[in-house]
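In what follows, a single structure is set out as structure tokens and then discussed.
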Amino acid sequence: MTAQLAPLVPAAPPPTTPPSTRLWTPSRVLVTRSAAERPHGQRILARLEAAGVSDVELLPGDRLPNLRGDGDRAAFMRAKDTLAVVVPPPSKRKLQPIPPSADWRVDLAEGCPAHCQYCYLAGSLGGPPITRVWADLDEVLDELDAYVGRGAITSGTLERGGEGTTFEASCYTDPLAIEHLTGGLSRMVEHFGTHDWPGPVQLRATTKFDGVAGLLDLPHGGRTRLRFSVNATSVDRRFEGATAKVPARLRALSAIAAAGYPVGLTIAPIMPVEGWREEYGALLDAVAAALPAGADLTVECITHRFTPGSKETLLDWYPRTKLDMDEARRTTKRGRYGSVKHVYPKETMAELRGWFEAALAERLPRAQLLYWT
Ligand code: SF4
């Protein structure tokens, strides 16, 4: 570490049970001046030190250096291995609606160190793929009361029942991928669990990681639904680099459900790979075996899709990918403002949907299917 600040707030104790997956150690960490002054920034600095991350640069101002490099493979890998702790611009503090997943998007970071060859961030985040962690988390949490009772799900447009106003924390990151370095998800879980809210609320996060030990004993109050993003074995093996493998995610799901959290499955991106019925059937059987009795489980099903922009970015990042992004085998869906998405043809969608609805009803009869897309 090139410089240090005395922590204002003590770091949370480290998890007692290590995850099965190697934890990410960024090769470079940049911390802006404003970020280092915030309590959450100080907590992150303490965690980085405890994790033995040595290359931490405390910047003299709030601008990050140019991280684009030459735009080549080495620059991409360097960016993927860089963590920046910053205070985001004020415009980021106004929460955006994010149906059908939740009423509101609340971000603790943007970017992810993993290497999923279909990564949805390729279509939504621009610039070099570094992971930016927001240091103003405490202020963001303090402002959430104003959103309670508002939103598409809360107002009943999307009838989901009993969830309260929902806040999604994993739109632009995988919060558990960076939790050992930031403690941000724990901070959110505790806030949602212990704050005196003006109405019912739920924090939602989804992950492809398994480092849940630090969450198990938190006072979550049943107000955080942690969902595990899962897939067929062949999709996990071929396309989900540097994540926890699905069996490890299911062990984490089991532990989190046993700790009283409501849990979820995000089955995504669903792909009709060879033998998909058998592979997804085995996945649902494994989930059923992992779940403690009486677990509160929801399911979200998202089929694979891509946009012209995400395809270009993904081919740039993973030029040798075998991911099927052939437009000729897809149907074009046009969104508002002329955006284009390539989704599976109607017949494939109907076949997939019919199978999943029946398989879920049979294998996980107590689960609530929130949406199919
Ligand atoms: Fe992208 Fe999620 Fe994979 Fe991270 S874990 S690379 S955010 S798809």
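One-based numbering, in listed order, for ligands and for the atoms of each.
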Taking atom 1 (Fe) of ligand 1 as the reference point, the nearest protein heavy atom with its distance: Cys119 SG, 2.3 Å
Looking only at protein heavy atoms, what sits closest to atom 4 (Fe) of ligand 1 is Cys112 SG, 2.2 Å
Regarding Thr166 and Glu168, do their side chains bring together a donor and an acceptor under 3.5 Å, going by distance alone? no
Membership question, hydrophobic clusters at under 4.5 Å side-chain separation (ILVMFWY): are Trp276 and Leu364 in the same one? yes
Can you pull out the closest protein heavy atom to atom 2 (Fe) of ligand 1? Residue, atom name and distance to 0.1 Å, please. Tyr120 CE2, 3.7 Å
Arg305 and Thr303: side chain to side chain donor-acceptor pair (under 3.5 Å), yes or no, with the steps? CA-CA 6 Å; Arg305 68 261 335 270; Thr303 52; 2.8 Å; yes
Could you see which bit of Thr207 sits under 4.0 Å from ligand 1, with heavy atoms only: side chain, backbone, both or neither? neither
Under 4.0 Å from a heavy atom of Lys208: which atoms of ligand 1 are those, numbered in the order shown and with their elements? 2 (Fe), 5 (S), 8 (S)
Would Lys208 and Asp236 pass as an ion pair if we require N to O under 4.0 Å? no
For atom 3 (Fe) of ligand 1, what's the nearest protein heavy-atom neighbour? Residue, atom name and distance, please. Cys116 SG, 2.3 Å
Can a side-chain donor-acceptor contact be found between Ser34 and Asp62 if the only test is distance below 3.5 angstrom? yes
